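Remarks on the structure that follows.
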Amino acid sequence: TATGLRLVFDATGDAFDAALQQVGAMPLPPYIAALRAPDDQDRDDYQTVWAARQGAVAAPTASLHFDAPLLETLAAQGVQFVHVTLHVGAGTFLPVKVDDVTTHRMHAEWGEVSPEAAEAINRAKAEGRRVIPVGTTALRLIESAAPQVGRISPFRGTTDIFIYPGYQFRVTDGLMTNFHLPKSTLLMLVSALMGSEKIREIYGHAVERGYRFFSYGDASLLIPKTRPAMISVLRTTWPLLLGILLLMVGNGMQGTLLGIRGGIEGIPTFQMSIVMASYYGGFLLGSLTVPDLIKNVGPVRVFAALGALI
């Protein structure tokens with residue numbers, strides 16, 4: 001390590017876990033631990049109904065509102081649950097201390113989205129159903145595993161994703177979460193989802209009505225206003241549409257000039273047909289390649305190159 005110190009334990013594996021359970025305490029958030037010591041009741045209260053794998057230093061507290069009977073009721077109403085894993089680290093409690101949020105560094109946390117979970121989420125998106133993560137932890141994980149808008153891939157590894165206003169959500173349609181501390185990355189996340197003004201309105205209502213905040217507090221169901229379907233389609237497909245438009249204009253100009261030249265020079269119709277077919281082939285190929293170029297290289301450079309070519 002940077003300090004030259006190495007920490008060694010006299011047990012490993014299951015023996016280490018057993019010793020940790022015996023001498024350790026439930027890692028309550030600092031704002032709870034500062035008021036009282038953890039007790040045996042916290043081992044049940046601060047554990048979610050679907051906890052299955054060790055590794056997190058904190059519970060996804062939005063999940064604490066669920067129990068087995070509630071899950072059965074929701075399932076009977078057609079709500080489908082998909083399980084993902086994120087081992088929450090201590091960094092989740094660190095406040096943002098910089099004026100420029102882009103310079104804030106998140107601690108990396110390990111997570112996993114199984115192929116089965118990714119398939120279920122993708123199927124829900126394809127069927128027009130909403131994907132609503134329970135807790136900011138689940139949201140951060142599925143957004144980390146989403147390579148593009150509307151689609152998620154299997155994921156296994158670490159993520160240090162930092163979501164703040166201006167972020168474009170890829171698979172998240174809503175969020176169930178508790179009320180968060182000021183100047184926290186979690187408050188920035190919900191502001192990114194709902195808009196800063198709307199979050200101020202929601203939190204003002206919560207304070208006025210005496211809602212309970214933080215880990216053992218009340219929950220909120222946040223569902224942002226959806227954009228009109230046409231706007232959403234244009235937002236995700238504009239490179240394709242613009243690329244096709246440019247190629248249509250370019251090929252139309254070329255075809256017109258070629259026709260005029262063929263008429264003047266007396267080029268046989270058969271030869272003209274072959275040349276025009278090659279232009280249509282180029283149009284179809286360009287329709288497939290130009291959108292990706294626009295995304296990867298940037299529209300200005302691609303448009304300049306196409307203009308020079310035309």
Side-chain angles (χ1 to χ4, degrees), residues 26-39 41-51 56-81 86 88 91-97 101 104 129-143 162-167 169 172-227:
M26 178 64 71
L28 296 179
Y31 44 81
I32 294 179
L35 300 177
R36 63 172 179 83
D39 55 32
Q41 186 64 37
D42 288 313
R43 293 183 180 272
D44 291 326
D45 292 344
Y46 199 61
Q47 192 67 275
T48 70
V49 67
W50 42 59
V57 303
T61 52
S63 304
L64 297 176
H65 299 279
F66 292 86
D67 57 17
L70 178 57
L71 293 179
E72 292 175 1
T73 300
L74 292 171
Q77 294 178 354
V79 177
Q80 178 185 7
F81 283 88
L86 181 70
V88 182
T92 192
F93 300 112
L94 295 178
V96 177
K97 298 181 179 180
V101 296
H104 177 77
R129 293 182 285 140
R130 290 187 295 202
V131 175
I132 302 178
V134 178
T136 57
T137 50
L139 184 151
R140 291 176 56 242
L141 178 59
I142 64 174
E143 288 294 318
F162 180 22
I163 297 176
Y164 52 87
Y167 176 84
F169 290 89
T172 298
D173 297 308
L175 172 67
M176 181 174 174
T177 185
N178 285 17
F179 292 90
H180 303 292
L181 286 164
K183 299 181 179 180
S184 67
T185 60
L186 304 181
L187 192 58
M188 293 183 184
L189 184 153
V190 295
S191 297
L193 180 67
M194 300 297 296
S196 299
E197 291 301 320
K198 189 63 177 179
I199 286 298
R200 290 191 183 96
E201 178 184 338
I202 292 171
Y203 274 59
H205 171 83
V207 171
E208 180 183 349
R209 296 298 180 91
Y211 289 11
R212 295 172 300 172
F213 277 47
F214 317 140
S215 293
Y216 284 156
D218 295 314
S220 61
L221 178 60
L222 305 177
I223 300 179
K225 291 183 178 179
T226 57
R227 298 180 179 87

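Note that this is a predicted model, so its numbers are computed, not measured.
Of the possible polar contacts, one joining the S63 side chain to the P60 backbone as a donor-acceptor pair under 3.5 Å is found. Panel note: side chain D44, backbone Q47; no donor-acceptor pair is recorded below 3.5 Å.
Residues T137 and L141 form no side-chain contact, since every pair of their non-hydrogen atoms from C-beta on lies 4.5 Å or further apart. Between L64 and Y46 the shortest side-chain heavy-atom distance falls below 4.5 Å. Residues K198 and K225 fail the side-chain proximity criterion, which asks for heavy atoms closer than 4.5 Å. At a threshold of 4.5 Å between non-hydrogen side-chain atoms, the residues L175 and L189 count as touching. For the pair L221/I132, a side-chain contact is recorded, criterion being any heavy-atom separation below 4.5 Å from C-beta on. T177 places none of its side-chain heavy atoms less than 4.5 Å from the side chain of L139.
Smallest separation of non-hydrogen atoms from A219 and F179: O-CE1, 4.0 Å. Closest of all the heavy-atom pairs between G174 and P224 is CA-CD, 4.1 Å.
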Q: Assess whether side-chain contact (heavy atoms from CB on, under 4.5 Å) is satisfied between Y211 and I202, documenting all intermediate values.
A: CA-CA 11 Å; Y211 289 11; I202 292 171; over 6 Å; no
**Q.** CA sep, side-chain torsions, deciding dist, call: T48, F66, side-chain contact (heavy atoms from CB on, under 4.5 Å)
**A.** CA-CA 8 Å; T48 70; F66 292 86; over 6 Å; no
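Comment: R140 does not engage E143 in a salt bridge, judged by the lack of any side-chain N to carboxylate O separation of less than 4.0 angstrom.
One finds the NE2 atom of H65 at 11.0 Å from the CG atom of L70 (value rounded to the nearest 0.5 Å). Considering CG of L74 and CZ of F81, their distance stands at 4.5 Å, rounded to 0.5 Å. To the nearest 0.5 Å, atoms CG (L193) and CG (L222) are separated by 6.0 Å. Put simply, CZ on R129 and CG on D173 are 11.0 Å apart, with the number rounded to the nearest 0.5 Å.
Annotation: Y216 is not in aromatic contact with F214 [ring centroid separation under 6.0 Å not met].
With respect to I199, the side-chain contact (heavy atoms from CB on, under 4.5 Å) criterion is satisfied by exactly one of P165, S220, S191: S191.
The list of salt bridge (Lys or Arg N to Asp or Glu O under 4.0 Å) pairs with a residue in residues 175-189, not counting sequence neighbours, is empty.
Partners of Y164 by ring-ring contact (aromatic ring centres under 6.0 Å, His included), not counting sequence neighbours, listed by chain and number: F162.
Counting non-hydrogen atoms of other residues, nucleotides and ligands closer than 6.0 Å to CZ of R36 gives a total above 12.
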